[in-house]
Each structure stands twice: as C-alpha cells, then as structure tokens.
J.: 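I am attaching a structure below and will ask some questions about it afterwards.
What you see is a predicted model; the values in this text were computed from it and never measured.
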Amino acid sequence: MRIKGLIGIAILGIIIGALLYFTRNSFVEGALENAASSMAGAKVEIDDLSFSISQLSIQMNRLQVADKNDPWKNLFETGRLAFDMEALPLLNKKVLINEISIVDVRLGGKRATDGTIEQPEPVEPEPEEPGWLGEATQGLQDRVAEAPVLNLAPLKKKINVDSLISEFDIQSIGKIDAARKDAAATFDKWDKAIAEFKPQNDITQLAADIDELKSKKLSSIEDYLSTADKARKIIKTLNRLKKDVAEKKKAANTDFKRLSTAFVGVDNWFQNDFNAIKSKANIGEFNAQNIGKMLFGDMVISPVIKLLDYVNTIRNYMPIAQQFMSAGKVEKPKRLQGQDITFPIRNRQPRFLLENIKLSGASNSLKSEDVLSISGTIGGVTSEPKIYGNPLIFDLDVDVPGSSIYKVTGKFDHTSKTAKEQMHISASGVRFGKIALPDKKYLPNMINANSGSIDAKVAIVGKQMNIKINFSAKPVSFAFAQNSGEDLITRVTRDVFASIDQLTFTAGISGASDDMKLNVQSNIDKILAKRIKNVLGEAGKAARAEMERKLRKFIEPKKKEALAYVDKNKKRLEGEIEKIQNQVNDYIAVVEQKKKELEEQAKKKKKEGVNKAKGKLKDLFKKK
Amino acid sequence: MFFLQFISKFFKVLRAGESPGLVAAGFTIGFVLGLSPHWTLQNIVIILIALLTKVNLASVFFAMFFFGFVAFIFDPAFHSLGYYVLTGMDALYPTWTNWYNMPIVPFSKFNNTVVMGSLLAGLVLAFPMFLISKKGIVGYRKNLAPKIENSKWVKAIKGSALFKWYVKVRDLEL
C-alpha cells in the first residue's frame, strides 16, 4: 500500500470537495446557463442561484430566456424559482423534480442587453425531406396564396392559357410519378419475394412423398400406422407452407391497398395545381369562400404556424415512443464514441421529469403594456413520455395587458407511437384594439375592434390536423392604407367595409400536413363577393374553363397510365400468389384424403386382428 | 513539460530502479486505461488502485497516453466486440439489464459498445501485456541498456553542447 498515495488522494479529495462546495452556486449557474442557452439558441441568464447539496434543492431569483428571433426581448422571464431534486434517481443518471414553483412569469419583456449567443458554424445539413412542420407551413401559405387578388387589369387582357401552363410547374405530375415509382418498387419487391419464396421445390418434394404414399402396398397394421404418421408429417409441412402463403398474401394485399389509396389524392393534387395556376394568372373566382381567404387568410395562418412551431419544438424535446425507441441506434458509430445499447427499464422512470410546475403571474408592479403574464399549472414535462406514461397537461391563464385573460388548456400525449396534441384557447370580452392586416390592393390593412371573443380548438394527431377558430368583434371599423384611386373596385370595397360594424369569422384548417385545407368564412364574404361579381361580371370564366380542360389533358393520361400499371401488376401478382395458395390447398386435400383412408384401413385391420385373436382364444377354450 | 518529465522518468525506470514487476504492472494498468475512450467510473477506480498500490506511476501515465493515442485505430474492432457482447450473447442479456437498472453502474457507460469492447480487450490482454512488458524490461536492462549507453550515437549526443545545455536546464528545474 502506498501511504503517500492514500494521503495524496485524501488531500486531493478534500481540495476538490472544498472547491466544489464553495463554487457550487456559480458552477451550477454557469452550467445551467450554458446548457439552456444552447438549447434555446439565445442567451439564458440566471440571477442569484443557490444550490443546497444536502437537500438537493435549487432556487434562483430570476430566470430570463431571450427570444432568438428578437434578441432584445425575452421569450419569457420569471421571478423566484425553486425546486427540489430526488436523490436516489440521480444515482441512475435521472433527474426527477416533483414540483417547481415559479412566480412572476412574463412573456415578451424588453431586455437590457442583447440576447444573441455565438453559435458554432452550422454544419452543412444533408438535404432531407421537409418535416411535417415545413409541409404544413408551405401548405397553409399556398392555400392563402391561392386566394384571388383584386385587380381589374389582368381581366381586361387576353390570357394565353398554353403559355401559362407551359411555364407552370405542375405538381400533380411529379406526385403521380412519385406514386408510380413507389408502385414499381413495391411490385419489384413482391416479384423478388415470390421468386425467393420458391415453394415449388417444397411442393415437388411433397408431391413425390404423396405419390410414394399412394403407391405403397400395405399389409400389416404397423405399415398403415407408419404411413399415416408420414402423411401427418406431410400435412404439417403443407400447413406451414399454407400459413406462409397466407401471410405473404396478407402483406401483399396491404401493400397493394396502400398503392391504390395513393392515387385517390390525384383529384386533390389537380385542384391544388388548378388553384395555383388560377392565382398566378389572377383569374381566381371571387366566391364567398375565396374572399374569406383573401381577407383573413394571413391573419389566421400566421398564429397557427407559430403554434405548430411550438408543437414541433415540444415534439423534439418530448419524443414519441417510436423516436425514443430508435434513439441511439446509430448505424455507423462515430469515432471514439461507439453506440449506446439500451436495455429494458425496470423502474419506469424517465431520464428527466418535471412532474408539476406551478406558475404565478406577474405582480402588478411588474406588469406593463407589452408584457404577457402567465399563471396556472403544467404537468408531466419529461424527456421520455413513453416511460412516464402520462401526457403533458397544462391549464394556463395568459393575461394580455389592456386586453383580456386568455384561458389556455391542453394535453400533449406523446406516450404512444403517434403524437397527439389537443389545445383549447378561449377568451371573451377581449379588447382587440388595432389588428394589422397585410397590405393588399383595395383591401383594409387594419381592423379596429373594440370588444370581442375568440375560441380556438386545436387537435393534431401525427401529421393530421384539425383546427377550428371562431372570432367575433363588435363594433369594428376598417382602415385602408393604399390609395387605389377612385376606380370601381375601390368604391365597392370601401362601401362594403363602411357598412360593416360587426365582424365574425370561422376558420377551419384540416387534413394531413402535405395536404392542408383552409376554410375561412366571415360575415363579409357574401356581401363582398356579390358586389365584386357585379363589377367584374363573368370575366375570366372562359379562361378558367379552358385552363381546367388543358390542365386535365396533361394530368389525366398520366393518371390513367399509372392506374392501369398498378392494376395490371396488382392482378398479376395476386394471381401468382393465388396460384401457389391453390396448389398448396390441393395437395393438402389429397394428403388429407389419403390420411383419412389410411386411418380407416388401419382401424379396419385392427378390428380384424382383434376378431381373429378373439376367435383363436375361443378355439383354445373349446379344445380344453 | 509535465508529459516530457513522465517520459524521461519512464525511461529512467526502464534502465534501473524499481522492480520490473512493478513497472510492468504500472504499464499494464496504463494500457487498460489508455484503451478506453471515455472517462468512466471503472477508469477512476483503476487510477485509484494505481495510486494506492506501489506500481510505477510513470509507467502508468506513459502507457495511458501512449495507448490513448493509438487506441482509436482499434475502435471499429472494439465496437464490434462490444456490440456482440452486449447484443449477441443471450445468456448475458439479463445481467446487462440488471446492471442497466442499478444505481451508479450507468456511470460506468458499460452499455457503450466501444467502452465495453475496449475494457474487455484490455482485461483479456492485461496478463499477456504484463508478462511481455516484464520480460521486455528485464531483457532491456540486461542486454539493450548497456549497449545503448555505450553506443557511439549516445556518446555523441551526450557529448554535444545541446545535451549539456539540456542537462543544465533539467538540473535547474529540479
């Protein structure tokens, strides 16, 4: 034993312990600030952190998280924040916090310093498919862009439909091609699977065995029994083959069904192309539906996109079961890092869990016009929802100064394979004030709304969305920025908006992220649509019809060809699988029959044998 | 300079001084530590053992740095070995699951393929490494060291102004 070594270790331990003890607050503060800043992408500042080793508790007097999109503002900031960690789970590298209480929670406050952090040079990302958020954002923006633009000039010109179509990137064709490619890959996969399956070899062998059974001459009971046993074995093999074929048939049917449903969307793809091209040519239809999109489309989608962005962030930090299960399974291990293999977890505790957050809103002294104050509870914040087994739930009151208190409740369930989010936002007696609208010719760029109510219900399941927004305000007035002169449309639109003193609209967003549908209906639509139609007459109707006909001419042959291809190959492969299945069934029937015959004959032979034995016994007694 | 001192001390103990067994044991401990890519619980325990026993520390640190620099070449092999042991041996699966669920053990990073592979390789090769290094030190001291000491190259270097200056600086430091 090296005594000097022992003393050295003891001294080193004491020095490290003392250093950690005296610098623990600044050490933990710095570590938390760094980790949180890199997660938030902006400066995170903690004031007066105090860490108690004996109680494993942390408290701080202030937490500020800068907004990465507006670094001179805080995304949120809090007053005093305190929580205790559980000791035992820390030994398993798990951080469990039962309750955290946060006071003076505010959103959007101004910062005294710039909240930008120096980020490492971003690595050139590999080109990848856009995620559900990108698809949904693009889809919503496309739906709004499809709304017609009020403009007389293009309607007066002659529209060259051929040149418009030739310059337009027809998305439907690409999508049909992609679906056809997918179909070709699927058929290829099944061709290979059938070729590799090779049941013919097994069937030939079995047929030879069956022939042998048929031709075998049987005399004794043992012969019958052994042959019946052989038949039973053949049936067992045939049943296994039958099961294999049935499973393959089922899997093939699922694949073929998927291929057929892929082409169901062609009509929607066509409609999207048609709407986009009409919008490009500025010959959109001024019906009530389009007017709603034209007027309030931007106003509706911009908060929805922000909300979806938050949902996506939460999905990243609280991954669904599927993502969690595949996490860490890297195909090529990074140099010096290896691969972490996961094993079943018995004590069902996630690596990070914040069971309950109690928020209390900003006190009156901290309230200001540009700061939102939040109070309420959030439960079940965890890095592994599947293990925790409960969804994240929240019940919050968001106090918007000078407006109203918005009630925000919801449940984010990431415990299964598909993420499910539900949210309800409602407020009544809201003082909306001035609501800015995007600059559009002939249309107002500002709504002055005195009082009203809002009710939004959001339900997202995986990539599928269903969002409903109801908005009403009274009295309202509209302000116009652009001076469009004194043409007819200007007079009509201003007349219509001047007569409106109440605004109600309902917006619905539905569909999968790659096929978003937007529906906006307001009390202004019908009035404005009627008046505009009177002004513009039926201009553009003929061009629209011609455009639809020509666009169909491009898409229909592609669709027909792809559908015929799918149908032909589907039938061919189904026929091949059916053939194998029938062959196996036929053989089973033959062997079953033979087995039955053999068993009956064996039974008969057995009976005969017993009778013979009985006769012999009788003779024996007679002789005596 | 710290590292150079260790090298210098290591070559000194190779020539004479501590018993070949203690130098070889230190070298072996350094070898096991050097193969591992991460700072893990078991590495800390091994270092504590080295500090508490009488093994030669210079050889521990020399071998640790030396094998630390070359071990990455074998990482793919360590990964494959670790992957096989962690996922391919059904009999060990309950053990790994138990360990995975035990407190403190996760700090050993045993479920990392490279950590597991390098630790296993280190432990399996430790005894041969001990025997080879012990034999090597004995052989070096008996045969090679006097030859090197008396070689004209060493004499020439020792006689050079640069070496004399180095000795002066070294002695000054000491």
J.: Under 4.5 Å between any side-chain heavy atoms of B:Leu48 and A:Ile9, yes or no?
T.: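 Of all side-chain heavy-atom pairs linking A:Ile9 with B:Leu48, at least one is under 4.5 Å.
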
J.: With a sphere of 6.0 Å drawn around CZ of A:Phe27, does it hold more than 12 non-hydrogen atoms of other residues, nucleotides or ligands?
T.: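 12 or below, so no.
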
J.: Looking at B:Leu92, I'd like to know if its CG atom is crowded, meaning that more than 12 non-hydrogen atoms belonging to other residues, nucleotides or ligands lie closer than 6.0 Å.
T.: yes

J.: Tell me if a side-chain donor or acceptor on B:Thr113 pairs with a main-chain N or O of A:Gln339 at a distance below 3.5 Å.
T.: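 Yes.
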
J.: Using only non-hydrogen atoms and a strict under-4.5 angstrom cutoff, which residues of residues 100-107 of chain B touch chain A?
T.: B:Tyr100, B:Asn101, B:Met102, B:Pro103, B:Ile104, B:Pro106, B:Phe107

J.: What part of B:Thr87 gets closer than 4.5 Å to chain A, counting heavy atoms only: side chain, backbone, both or neither?
T.: side chain

J.: Could you grab the distance from atom OG1 of A:Thr342 to atom CG of B:Leu86, nearest 0.5 Å is fine?
T.: 10.5 Å

J.: Is the number of heavy atoms from other residues, nucleotides or ligands under 6.0 Å of A:Lys420 NZ greater than 12?
T.: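 Atom NZ in A:Lys420 is not packed in, count stays at 12 or less.
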
J.: So what's closer than 4.5 Å to chain B heavy atoms on A:Leu90: side chain, backbone, both or neither?
T.: backbone

J.: Is there a donor in the side chain of A:Asp340 and an acceptor in the side chain of B:Asn111, or the other way round, less than 3.5 Å apart?
T.: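 No pair is found: no donor N or O on one side chain lies under 3.5 Å from an acceptor on the other.
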
J.: Report the C-alpha separation of A:Phe343 and B:Tyr93 in whole Å, then their side-chain angles, then the decisive distance to 0.1 Å, and conclude whether the side-chain contact (heavy atoms from CB on, under 4.5 Å) test is met.
T.: CA-CA 8 Å; A:Phe343 294 94; B:Tyr93 192 77; 3.7 Å; yes

J.: Count the heavy atoms belonging to other residues, nucleotides or ligands that lie under 6.0 Å from NZ of A:Lys189, then report whether that count exceeds 12.
T.: yes

J.: Between atom CG of B:Leu51 and atom CD1 of A:Ile7, what is the distance when rounded to the nearest 0.5 Å?
T.: 13.0 Å

J.: Looking at B:Trp96, B:Phe110, B:Phe78, which one has more heavy-atom pairs under 4.5 Å with chain A than the rest?
T.: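 Highest number of heavy-atom pairs under 4.5 Å: B:Trp96.
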
J.: Under a 4.5 Å heavy-atom cut-off, does chain A meet the side chain of B:Val55, its backbone, both or neither?
T.: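 It is both, since atoms from each part get that close.
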
J.: So does B:Lys134 have more than 12 non-hydrogen atoms from other groups sitting under 6.0 Å from NZ?
T.: no

